[in-house]
Amino acid sequence: MKLFARYYRVNLATTIVVMLLTGIVYYWAISLILRGQGDKDLVVEEQEIFEYVRINHHLPQVFESKDQQITFTKVNGPVKREFTTANYYNAKEKEDEQGRGLVSSVMVNGINYKILVVQSSVETDDLIRIIFCITIAVILLLLLVLFIANRLILGRIWQPFYGILHQVKAFNVTEKAAIVPQPTDIDEFNELNDAITSMADRVKSDYAELKTFTENASHELLTPIAIINSKLDTLVQTENFNERQSTLLNDLYTSVSRLTRLNQSMLLLARIENQVISGHEAVNLKWLLEEKVAQLQELYADKEIKVTVFAEEKEVQASRYLVEILVNNLLVNAIKHNVPQGQIDIRLTADKLVIKNTGEDRDMSGQDIFKRFSKSAGSEGTGLGLTISTQICGNYGWKLEYAYRAPFHYFTVKL
Amino acid sequence: MKLLIVEDEPGLRDSIRDYFTEAGNVCETVADYTSALQKINLYRYDCIILDITLPNGNGLDILRALKQNRYPDAVLIISARNALDDRLKGLDLGADDYLSKPFHLSELRARVTAIVRRRSFDGNHIVVFNELQLDLQSKTVSVNGQQVKFTKREYELLLYFMANKGKVITKNAIAEHLWGDSIDAANNFDFIYSHIKNIRKKLVEAGCADYIHAAYGMGYKFAN
């Protein structure tokens with residue numbers, strides 16, 4: 001739920017409740033006052049009757065006044081004086097109206113009479129109703145105006161917040177672009193601006209440090225690896241190894257070469273992420289693909305994999321070095337994770353490069369295959385190939401996607 | 001061949017020296033910038049194996065000094081900086097080749113041999129080993145003057161062997177030499193075996209002695 005909506009909902013509910021309560025109290029107060037006024041009129045009339053009887057010793061003539069009707073009834077017992085609700089007959093309209101009555105009694109010449117003075121309360125009710133309606137109308141108008149004003153003002157006030165939010169969503173530590181503070185004169189948003197920009201800067205500098213560390217560490221590792229490698233090369237020249245020794249040496253070689261590749265991949269990744277690999281030239285993807293496929297011929301022929309290439313002329317503006325790495329990684333993957341007598345179809349069109357290959361019968365789209373060091377069980381690769389490929393694609397605004405439609409695994413580069 | 005090895009890591013320096021030292025080769029070694037500069041001002045070498053990161057100086061400056069003085073020495077840069085920029089800078093400055101660490105000694109040797117051959121004044125582009133002849137220009141192989149048909153890879157492999165005569169070359173080194181990083185695609189090196197089998201068969205059928213010997217299941221050795 002949006003903050004607006006929540007705020008409005010609470011605001012509206014409380015406003016309505018308070019307004020209703022006010023309305024009820026208002027109604028009650030007004031009707032009480034008006035009724036009091038009416039009752040006073042009735043009492044005045046009663047007093048007039050008493051006065052008349054006291055002077056004239058007979059009942060006054062009953063006459064039709066504007067809004068009062070008086071009736072006298074002979075009674076035997078005493079009558080309790082009280083205010084009642086009674087019907088008022090409107091002669092003009094020829095109908096009963098709601099009225100207020102006062103029941104009293106008077107003794108004329110020893111005979112007890114009950115007095116009923118009735119006054120129509122319709123006008124009073126009308127008055128109350130009109131006042132109530134005007135009040136409600138004012139309340140509704142007030143609510144409407146408040147609602148529109150809030151909407152306009154709040155929408156504008158929150159603008160910087162959405163600006164920041166948008167940037168935070170698009171934030172990527174690997175990218176150079178920093179978060180731009182949103183101009184605002186609201187203290188809270190200024191604080192948010194400061195907090196987020198400084199946090200982003202901190203994250204970036206931490207990340208940069210980490211990358212530098214990775215690069216330096218990989219770099220420092222190269223020399224010892226180079227020494228191990230050269231010492232092994234020297235060792236095998238000393239000859240006369242028995243089978244056990246040569247197996248051990250073979251294992252050593254394999255591990256050192258894995259270590260080398262891993263290390264070089266890490267260095268390469270750090271360098272691509274730092275965008276320190278420059279070079280922007282026209283690279284003919286078709287030629288590059290055909291060249292690479294020819295180069296890898298022995299490798300896929302060894303597994304009896306059938307490779308078909310369909311390539312349209314396509315040139316991209318990029319570093320040849322990186323594009324070669326990208327194409328090589330994708331092709332090497334397609335061969336490495338293939339099955340004997342498998343198939344690889346390479347298709348290059350103006351907008352994409354699709355490499356589909358047979359392989360293990362398993363959809364891997366749910367897994368983080370593009371994540372660092374994610375690799376299939378038993379793979380002797382570095383687990384960085386696809387990460388490097390993704391990073392290269394990212395550098396040029398391309399997109400690397402994976403899909404599985406049995407029996408093919410699809411890797412698509414959207415150019 | 002007379003070589004100068006400029007490398008500050010003693011372990012690597014000694015391995016390179018040992019690998020290159022044999023009859024007909026002279027290897028000199030220096031460990032830092034100043035002594036390297038002294039050496040190149042005093043002596044001429046067929047090839048200088050030059051590390052870029054050196055104590056008290058940069059290998060690229062030695063290269064600059066060489067070029068400024070118009071010394072004809074060939075230069076092969078070895079560097080732990082696996083950077084494209086460094087490679088380009090080195091080659092721009094006039095280095096003959098660039099090899100990033102870590103590398104196989106056999107690879108270094110093949111590169112150095114190729115540079116020295118290319119640079120040799122007599123313009124000799126024929127490599128001879130007994131009855132076997134490789135023509136570097138036409139990239140052909142002949143036995144007793146009779147041309148034998150070799151594929152590009154087979155030719156490259158044979159040349160690699162001949163540059164490393166008498167040395168055991170491991171399967172890793174062969175695979176990396178021929179396929180570079182793409183070797184990741186291979187699950188094992190068995191296909192190298194079939195390549196070598198083909199080469200031996202072709203040579204023997206052409207009347208050549210079998211010079212390629214398997215070495216303890218680790219690799220091969222080209223020798224008499």
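Quick caveat: nothing in here was measured; it's all calculated off a predicted structure. Convention: sequence-line order gives letters A, B, ...; per-chain numbering from 1.
Interface remark: of the candidates B:His195, B:Glu176, B:Lys171, B:His195 forms the most heavy-atom pairs closer than 4.5 Å to chain A. For the options A:Ala226, A:Ala301, A:Pro224, heavy-atom pairs under 4.5 Å to chain B are most numerous at A:Ala226. Of the residues considered (B:Gly219, B:Gly11, B:Ser15), B:Ser15 shows the highest number of contacts with chain A, using heavy-atom pairs under 4.5 Å. Looking only at heavy-atom pairs under 4.5 Å with chain B, the residue among A:Ile335, A:Asn229, A:Ile227 that has the most is A:Asn229. Options B:His104, B:Glu9, B:Lys152, B:Arg13 differ in how many heavy-atom pairs under 4.5 Å they form with chain A, and the most are formed by B:His104.
Applying salt bridge (Lys or Arg N to Asp or Glu O under 4.0 Å) to B:Glu22 and the options B:Arg17, B:Arg109, B:Lys165 leaves one that passes, B:Arg109.
Looking at A:Glu243, neither its backbone nor its side chain comes within 4.5 Å of chain B, counting heavy atoms on both sides. Both the backbone and the side chain of B:Phe191 come within less than 4.5 Å of a heavy atom in chain A. Only the side chain of B:Lys221 comes within contact range of chain A, with heavy atoms under 4.5 Å apart.
Ring orientation note: the planes of A:His280 and A:Tyr396 are tilted relative to one another, at an angle of 30° to 60°.
The residues B:Asp51 and B:Lys101 are annotated as salt-bridged, a charged nitrogen and a carboxylate oxygen being separated by less than 4.0 angstrom. Comment: B:Asp46 does not engage B:Lys2 in a salt bridge, judged by the lack of any side-chain N to carboxylate O separation of less than 4.0 angstrom.
In this structure, B:Lys167 forms a cation-pi arrangement with B:Tyr19, its terminal cationic atom sitting closer than 6.0 Å to the ring centre and no more than 45° off the ring axis.
Between B:Phe129 and B:Tyr211, the ring centre distance stays below 6.0 Å.
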